[in-house]
Amino acid sequence: MAQVIARLLTPLLRLLPPAVGRHRTPSTPHTTSRRAEPQPAIAPRRSPARPPVLLRGEDVPLVRPYVLTEAERREQRLRRGRRRALWLAVHGVDVGPRRIHGLEVAA
């Protein structure tokens, strides 16, 4: 089957003009016959070397950013509780506060 397709497409592809420009295949002949003259090598500019920046022990924080203090952990727990109550309220479950003005609320 591949041979049949190749036999059908080959005459059609010959009708197309040859590729032009920089991205043509190497098998196509070049239209110009310029000789490539060697270009002089240009040395890249070098900037002056800078001394390495050394880190001092006092500049590096020793506390890991993912470690929470007790106050941050408590605030996160309260925030999670408020979000859970809001989600449950959206779904029709009332989990209101257990204490209102210091008095226990009976369910």
Between Leu13 and Ile5, is there a shared hydrophobic cluster once you connect ILVMFWY residues whose side-chain heavy atoms come closer than 4.5 Å?
no
Atom pair CZ/CZ of Arg79 and Arg77 - distance to nearest 0.5 Å:
12.0 Å
Tell me whether Glu70 at atom CD has more than 12 heavy atoms from other residues, nucleotides or ligands lying less than 6.0 Å away.
yes
Can you list the steps and then say if Arg14 with Thr10 is a side-chain contact (heavy atoms from CB on, under 4.5 Å)?
CA-CA 6 Å; Arg14 289 179 200 252; Thr10 303; 3.5 Å; yes
Evaluation steps, side-chain contact (heavy atoms from CB on, under 4.5 Å), between Leu86 and Arg83:
CA-CA 5 Å; Leu86 180 62; Arg83 287 180 183 159; 5.7 Å; no
Connected via hydrophobic side-chain network under 4.5 Å: Val90 and Val93
no
For the CZ atom on Arg82, are there more than 12 heavy atoms of other groups (residues, nucleotides or ligands in this structure) within a distance under 6.0 Å?
yes
Between atom CG of Leu68 and atom CZ of Arg74, what is the distance when rounded to the nearest 0.5 Å?
12.0 Å
